[in-house]
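Shown next, in structure tokens, is the structure this report addresses.
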Amino acid sequence: MSTESPREIANQMWVQALECVGGRDTLAALRRALEEEPQEEEEASLTRGVYLFTTGTPDQHTESVTDYVSERCSVSNLNLHVCLFTGEEESARCHATRAETTRALSRLAHAGHGRFLWTSETGVVESDDISALIGEMETADNYCQKCSELLDSLIQKGSSGRGSGDTSSPSLKPQAWTRNAKLPCPRPTTLSLARLESRQMSRLAQNGSAWRPNSSKAQIPAVQSADFSTPAGPSKSADQRRTIVSQSVFFMENGNFGVVFKKYPKPKSVRKSINTIKLPKHEDICSTKQWLKRFGIKNLKLDLHKLISGPECCHHNKLVRSVQKRVSAKYCGIFPSVHLNGAVKHLHLTPGELKHYLSQTEKLMQRYSRRLEWLLTGSRRMFGSVLEKDVCVLLDVSGSMAPFLPELQKGLTALIWDQLHANSVRFTVLAFSGGVCVWQPALVESSEDQCVEAVQWLSRLTSHGPSHTLQALQAGCGLSDDVGLYLICDGGSDSSHSLILREIETLRREKSFTVHTVALKRHDRSGGEFLKCLAHKTGGRFHQAPENTDPDLIRKLLSDPGREDPVLPAFEGDDLRKLSEEIEKLRLFQKQAKAFRETILGSRKLEGT
């Protein structure tokens, strides 16, 4: 079935019906193309490209055509690109030589701010794009040759220095020069003026004579600047980095010298600022773990305990030996003290900062609420979110699943249309009990016809027999690489759970796949642990639809985040559980921030009275 539009088909037929007759009136064609006015205002602001496909020079004077193109393209957003096609037999029929033709058409393309391309039956003969690329390659090669010559000259200088017989300088191997290598020590030289004067002053001080200038023109030695910082090494602690200072040394008349500190290390501030967060409005199709890596409390730097903690706000009781008592730090009367994680901390945040923190956490709480409501709507409530683009649904239709099969068929119908068809996911469905029955032997596109056929196939399923879980997993992982297997069962199997886990681990060494497990009823403890372990070992997720959870009640609970002590249902699935834990953590931070703000405002009122 052809996907081309009627207009494209008509254009192709028009081109195929063209015949090579008459002359080459290039100027008229260019005027028709370059003087056409855009129909809309948006098109007028865009740069338009005109491509001239020709086999020779224009019939008109070449200079006139070039001047017209240059003037027209200079006043409008137009670019003219010229493509020249030549054959082996055209040289005898052309009025101009190939050199003159290419020269004229190249100037025409450059006048129109475009590019020139010349192709023949054997391939590309000349191209501005290729010429520019070759020019850059030649420039890079030239730079490489110059660097090689410079390196050779340095090596020769080093070799000549070693051959001169100077044994005082250590030998240097050019191949051993690295960026982090230590430079050799300098050769001993004569004493500087400052050192000579200091020695002379020390001798005079020992003889008891006062130091005097040698002449009236003598000058006091200039101040020598020295850096007594610790030399840079591979490993340096934070305390050593903080002790780096800059010093200036000066000499006195008695032979001694003094030191002036010019630069002190800047103290590192431990005060943390509260960010203004930006959250997206659309929902990303990803797991809660991946989503919280971007919009979690820790990633957004809204962890209240980290904002409060720090070396300057720790509460210490220092022992004063003169009175033999422990006395609080001198700033205990400035900052109010709060109990945080079993320790006493000084609260240095201002009420305005805490108010800003509460506004940001309120915004984040509303976003978490919308995410949780999204996870509880549609087929995501029963099966979770489908993440992969290649999916195989493994449905357990054994005898133990008989009470839940009608509900499963209805939920899978919603899953096929809500997530697979809406997100263009390739899929197939596999039902297993005493044997394995596949709807399609390979993954198919989620078109409307295929989805309708899959729904009809699911409606004909019946539950009976045991549960061959291992055979179903082996058949599903062989469909495609990086396939996502969604196992829907109650945790029971005719094979040992440990055997299934060992076989799946062996299969993962040969193929790449992910297993997501979905439990639809209250299973025994061993079955639930097996489904969780199977999902986590393959990098998947465990999901269980929340029981006796009214979506309207959840929506009402989430719409009132300021409610006192709201209690969310106990979710078993990984996505819902991790998001609810993050919500509870954020509520704790909000409650503590409100209490801290009231504490600060209360202490300020007491100070005012």
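Atom set for the values below is all heavy atoms of this structure, side chains included, hydrogens, waters and symmetry mates excluded. None of the values given here were measured: they were computed from a predicted structure. In what follows, residues are counted from 1 in the order of the sequence shown.
Residues H543 and Y486 keep their aromatic ring centres 6.0 Å or farther apart.
Between Y368 and I297 there is a side-chain heavy-atom pair separated by less than 4.5 Å. Contact annotation: the side chain of D303 never approaches that of K298 to less than 4.5 Å [non-hydrogen atoms, C-beta and beyond]. V425 places none of its side-chain heavy atoms less than 4.5 Å from the side chain of Q419. You'll find the side chain of K511 stays beyond 4.5 Å of the side chain of D482, heavy atoms only. With a 4.5 Å cut-off on side-chain heavy atoms, T506 and I504 do not count as touching. The shortest side-chain heavy-atom distance between L430 and L395 does not fall under the 4.5 Å cut-off. L576 is not listed as a side-chain neighbour of T288, based on a closest heavy-atom distance of 4.5 Å or more. Counting heavy atoms from C-beta on, the side chains of S446 and I416 never come closer than 4.5 Å.
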Walk me through it: do L507 and Q474 pass the test side chain to side chain contact (heavy atoms under 4.5 Å, CB included)? CA-CA 8 Å; L507 286 173; Q474 290 173 344; 3.9 Å; yes
Side chain to side chain contact (heavy atoms under 4.5 Å, CB included) between L304 and L588: does it pass, once the steps are laid out? CA-CA 9 Å; L304 183 62; L588 174 62; over 6 Å; no
Start with the C-alpha distance between Q544 and F542, add both sets of side-chain angles, then the distance that settles side chain to side chain contact (heavy atoms under 4.5 Å, CB included), and finish with yes or no. CA-CA 7 Å; Q544 179 177 342; F542 169 76; 4.0 Å; yes
Please report the C-alpha distance between W439 and V393 in whole Å, then the side-chain angles of each, then the deciding distance to 0.1 Å, and finally whether the side chain to side chain contact (heavy atoms under 4.5 Å, CB included) criterion is met. CA-CA 10 Å; W439 166 58; V393 180; over 6 Å; no
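In this model, no donor atom of one side chain and acceptor atom of the other lie less than 3.5 Å apart for D481 and S512. Side-chain contact, Q409 with S459: no donor N or O sits under 3.5 Å from an acceptor N or O. A side-chain donor from one of E388 and H516 sits under 3.5 Å from a side-chain acceptor of the other. For the 3.5 Å distance criterion, the side chains of D449 and S447 fail to qualify, holding no donor opposite an acceptor.
The closest donor-acceptor contact from the side chain of T517 to the backbone of L531 lies under 3.5 Å. Put simply, the side chain of D396 gets close to the backbone of S398: a donor and an acceptor are under 3.5 Å apart. Side-chain atoms of R48 never come within 3.5 Å of backbone atoms of L78 as a donor-acceptor pair (strictly under, hydrogens ignored). Listed for the S480 side chain is no donor-acceptor partner under 3.5 Å among the backbone atoms of V483.
With rounding to the nearest 0.5 Å, the separation of CD in Q366 from CG in L279 is 10.0 Å. Between M382 atom CE and L412 atom CG the span is 8.0 Å, to the nearest 0.5 Å. For the atom pair E582 CD and M365 CE, the distance stands at 9.5 Å (nearest 0.5 Å). For the atom pair R541 CZ and K532 NZ, the distance stands at 15.0 Å (nearest 0.5 Å). Summarising the geometry, atom CD belonging to E136 is positioned 8.0 Å from atom CG belonging to L133; distances are rounded to the nearest 0.5 Å. Residue S287 holds its OG atom at 9.0 Å from CG of D574, rounded to the nearest 0.5 Å.
Salt bridge E373/R370: absent, no basic N to carboxylate O contact under 4.0 Å. Look at R577 and E581 and you find a salt bridge, because one of the NZ, NE, NH1 or NH2 atoms lies within 4.0 Å of a carboxylate O, short of that distance. Checked for salt-bridge contact, E283 and R371 meet the test: a charged N lies under 4.0 Å from a carboxylate O.
The minimum heavy-atom distance linking Q440 with T428 is given by the pair O-OG1, 2.9 Å. Of all heavy-atom pairs spanning V391 and V386, the tightest one is CG2-CG1, 3.5 Å. The minimum heavy-atom distance linking D418 with A422 is given by the pair O-CB, 3.1 Å. Taking both residues in full, the closest heavy atoms of F432 and L394 are given as CE2-C, 4.0 Å, listed atom of the first, atom of the second, then distance. Between R380 and S385, the shortest heavy-atom contact is CD-OG, 3.5 Å. Nearest heavy-atom pair across L376 and P546 is CD2-CG, 4.0 Å.
Heavy-atom contacts from other residues, nucleotides or ligands closer than 6.0 Å to NZ of K355 number 12 or fewer. Within 6.0 Å of NZ in K363 there are more than 12 heavy atoms belonging to other residues, nucleotides or ligands. Applying the 6.0 Å contact sphere to CD of E407 captures no more than 12 heavy atoms from other residues, nucleotides or ligands.
Pairs of residues two or more places apart, or lying in two chains, that qualify as salt bridge (charged side-chain N to carboxylate O under 4.0 Å, His left out) and include a residue from residues 421-430 are D390-R426.
Using bins of under 30°, 30° to 60° and over 60° for the plane-to-plane angle, the ring pair W417/H421 lands in the perpendicular bin.
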